[in-house]
Protein chains: 2
Amino acid sequence: MSTTEAAPSVADDALALSSAHISPGLVAKLEAAKTAARVVATANADLKNRALQAVADAVRAEAPRIVAANDLDLAAGRENGLSDGLQDRLRLDTARLDGLAKATELIASLTDPVGEALRGRTLPNGLQLTQVRVPFGVVGAIYEARPNVTIDIAALALKSGNVAVLRGGSAAENTNRVLVDVLQEALASVGLPRETVQTIDEFGRQGATELMRARGYVDVLIPRGSSQLIDAVVRESKVPVIETGAGVVHVFLDESADEQWSIDIVSNAKVQRPSVCNALETLLVHEAAAPRLLPLVLSALRAQGVTLHADEATRAIFPDAVPATDDDWATEYMSLDLSVKVVSGIDEAMAHIDRYSTHHTESIITNDLRNTERFLAEVDSAVVMVNASTRFTDGGEFGFGAEVGISTQKLHARGPMGLPELTSSKWIVRGSGQVRG
Amino acid sequence: MSTTEAAPSVADDALALSSAHISPGLVAKLEAAKTAARVVATANADLKNRALQAVADAVRAEAPRIVAANDLDLAAGRENGLSDGLQDRLRLDTARLDGLAKATELIASLTDPVGEALRGRTLPNGLQLTQVRVPFGVVGAIYEARPNVTIDIAALALKSGNVAVLRGGSAAENTNRVLVDVLQEALASVGLPRETVQTIDEFGRQGATELMRARGYVDVLIPRGSSQLIDAVVRESKVPVIETGAGVVHVFLDESADEQWSIDIVSNAKVQRPSVCNALETLLVHEAAAPRLLPLVLSALRAQGVTLHADEATRAIFPDAVPATDDDWATEYMSLDLSVKVVSGIDEAMAHIDRYSTHHTESIITNDLRNTERFLAEVDSAVVMVNASTRFTDGGEFGFGAEVGISTQKLHARGPMGLPELTSSKWIVRGSGQVRG
């Protein structure tokens, strides 16, 4: 913009960048996605909702076929030594499929975000300005061995007027192939393009790499999975990315914390599902409350099989806890392990969180109003809570029907991502011959 | 998230990535920015507005010192053969400084975006959810030889509770050094940290490169300048980027276009300030209107010194126009050049725009309601207009006081970026002991 010479066209450049690095088969799929995106972007809510109902019906009707494909992936996973936690995330049974169908129906019942007027005014010169929500266009997702994500993202993308290009990971390849087939049949049954949802699993790891370079084809890319995966996508992608996931999540038991709430919330946050990102990893305890609360809370955790990694002050009360290393404070265990530290008060608690948190979710347990407001205002995380379990950071729990992921970045989306997070906006200007003076 | 082993901490990883590639002097400035960000994030609107008024007063009071520094840069620019267009963008005189002071006062008068409740509800289990606007934290900007951007971005960043780290380009180094000094004095006069605004010009090009790698320090990076600059930042940055700028902007004269509006809008869009991104680059004309409109519109442009790059159909009417090449359709001239093409109707016009536009701004001149609604709905650009000059795509014109830039991406911000575009959000959850079932 600052030269008066002809600058190279960004449009051309984007296309050059794209096609230079992408195999022809994938380009064909991305072109088909762009074409489908034009249709889906202008589909009205009635049509999109009928498609979602067709998806829900098909997921239930085709459950035997989906479960059979999933059994193949599970068997291969066991053979390859997949951990119990990963096998659990890979598994789709009839009950889970019914849950996915219900989530799809809930998404159908939500208000269509497309077309929502976000801001607007008439300027002094008579120009009428309106900022309206529009779909992104093509949403890419790269994820690992969690086939429920295929349905969740496809349903949210469709409702928000987008098409989805999915790379679901080799461990779930059989399941995803059948799921995408079921989705495409359902879309076609109401007259929407089959290419509204596509898998690129057949292109393997190279396909994922090429998707990250598909500027001009992919409007936003969402990685969901291990922190290694997310890191790689954030570093390598030339397409705008929304970073999701990793959670070094904290609970701080303040001096005035209620005993029963402390036991219940810490147990729930740590034990209910330790392998997910909103599970608790580090417990901070006010030193004045430690003698009162730690025996109760840690005994309850112990009884549920939790291994404690504790600082000196905690070990004075629980001598057989494992001594915590500096690494422990920065670790997302995703297992029945917990770091425990006694702090001098809310300032040390917030300083510790500032240093070690991944800024996903933190909760304070307290009855002190001033500390509540300070914690909620000053802790710089996607979700900050008072007197609640961190496990509530979830699109389903927040009422979004499902979630595309939980954004831990600040750009565009933060926290659980539902329908509005899958939209962009555009400005519409209506004039009557106005020119700039 | 999908392994049960301890995953490497993202927090640690981000810091490792940052410090490994950044010179100690720059790290010190970035640490100071983070510290200042905590103060500015919680400053109330009264304090921020007093700071903005102090900035406006100082810009006026220190005009002689700023203009003297600017004269040094202009002299060096002339010696280095800087084009007239670039010299115009580099120039700050008393009148322009007064304009910047006025814009700063207007920004002070706008509602503080921080703390705005965006969404909220009470869940069936009694949890109270509120999504509130929060500052990004540290906003980085890389731009070229436009010292007004220093004031614009600093003022918008401050009002939205952010700190700014600025790399303003060597051609304006003297001007920017004085401007940042003036800004810092004004900030200090109301008790805000001087590090609310910092320049990193002293680190040269290497500083810009390091800023792109400063994950964990910089929350969002905004490049503003030539398409080469923007492209380089988008490709190389490890920090989230908002892409701004390049505009291959179209006006489509539909069959029913008003003659006077066509002449006025096309002239204004092309001629008023050809070196900026919202200036017109390609004129499309409905074939049925070409005999009526082209002679009027193109004669008016010619009289104003515009060089025409035209297709065959246009050259049948204006034989001495330069024949347009395929490159012309994709070129942002930023000069008194214009591509002209006759199309068969709105479908060909929109297909041409889809192919060659940088999705910045497009305008249709028409009296046809159906074509208006199709154009506004189907053209996928940041700003779509009917019967208005594309020159209105501007934060000042939209009432934002100033602009950080004009986003041509779909993630986070699209079109002119004002205060809300410099904010993120966070979710606040208030409970009373809730755990997840």
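Letters go in sequence order (proteins before strands), and every chain restarts at 1.
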To the nearest 0.5 angstrom, please state how far the CZ atom of B:R273 sits from the OG atom of B:S275.
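Here the rounded value is 5.0 Å.
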
At what distance, to the nearest 0.5 angstrom, does OG1 of B:T372 lie from CD1 of A:I428?
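Going from OG1 on B:T372 over to CD1 on A:I428, the span is 11.5 Å.
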
Using heavy-atom distances under 4.5 Å, tell me whether [X] contacts chain B through its side chain, its backbone, both, or neither.
X	answer
A:D337	neither
A:Q434	both
A:L376	both
A:V220	side chain
A:D328	neither
A:Q131	side chain

For [X], which atoms come within 4.5 Å of any heavy atom of chain A: side chain, backbone, both, or neither?
X	result
B:D326	neither
B:V132	neither
B:S381	backbone
B:F398	both
B:L123	side chain
B:P274	neither
B:L127	side chain
B:V234	side chain
B:E421	side chain
B:V379	backbone
B:D219	side chain
B:V383	both
B:D258	neither
B:L90	neither

[options]: which one forms the most heavy-atom pairs within less than 4.5 Å of chain B?
options	answer
A:V134, A:T42, A:T408, A:D354	A:D354
A:I265, A:V435, A:I242	A:V435
A:W261, A:Y143, A:W329, A:F136	A:W261
A:P416, A:S425, A:G399	A:S425

Keeping B:Q409 on the side-chain end and B:E243 on the backbone end, is there a donor-acceptor pair under 3.5 Å?
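Yes: the side chain of B:Q409 pairs with the backbone of B:E243.
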
Do the side chain of B:T361 and the main chain of B:T390 share a donor and acceptor less than 3.5 angstrom apart?
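No, the answer is negative, given that no donor and acceptor are paired below the 3.5 Å cut-off.
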
Taking atom CG of A:N367 as the centre, does the number of heavy atoms from other residues, nucleotides or ligands within less than 6.0 Å exceed 12?
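For A:N367, atom CG is not crowded (no more than 12 foreign heavy atoms under 6.0 Å).
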
Check salt bridge (charged side-chain N to carboxylate O under 4.0 Å, His left out) between B:R430 and all other residues, then give those that pass, not counting sequence neighbours.
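Salt bridge (charged side-chain N to carboxylate O under 4.0 Å, His left out) list for B:R430, sorted by chain: A:E373.
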
Answer yes when B:R38 and A:D380 have at least one side-chain N-carboxylate O distance shorter than 4.0 Å, and no when they do not.
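Answer for the salt bridge query: no.
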
Does a side-chain N-to-carboxylate-O contact under 4.0 Å join B:R215 and A:D231?
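No.
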
Which of B:H359, B:M385, B:R391, B:K410 touches chain A most, by non-hydrogen pairs under 4.5 Å
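Highest number of heavy-atom pairs under 4.5 Å: B:K410.
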
Residue selection (most heavy-atom pairs with chain A, distance under 4.5 Å) from B:S267, B:P420, B:S363:
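Of B:S267, B:P420, B:S363, B:P420 has the most heavy-atom pairs under 4.5 Å with chain A.
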
How about A:S357 and A:E362: does a side-chain donor come under 3.5 Å of a side-chain acceptor?
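Side chains of A:S357 and A:E362: pair found under 3.5 Å.
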
Residue pair B:N278 / B:T393, side-chain donor-acceptor N/O under 3.5 Å
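No.
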
For side chain to side chain donor-acceptor pair (under 3.5 Å), just list the numbers for B:T423 and B:R133, CA-CA rounded to whole Å, side-chain angles, deciding distance to a tenth of an Å, and then say yes or no.
CA-CA 6 Å; B:T423 62; B:R133 251 189 224 291; 3.0 Å; yes

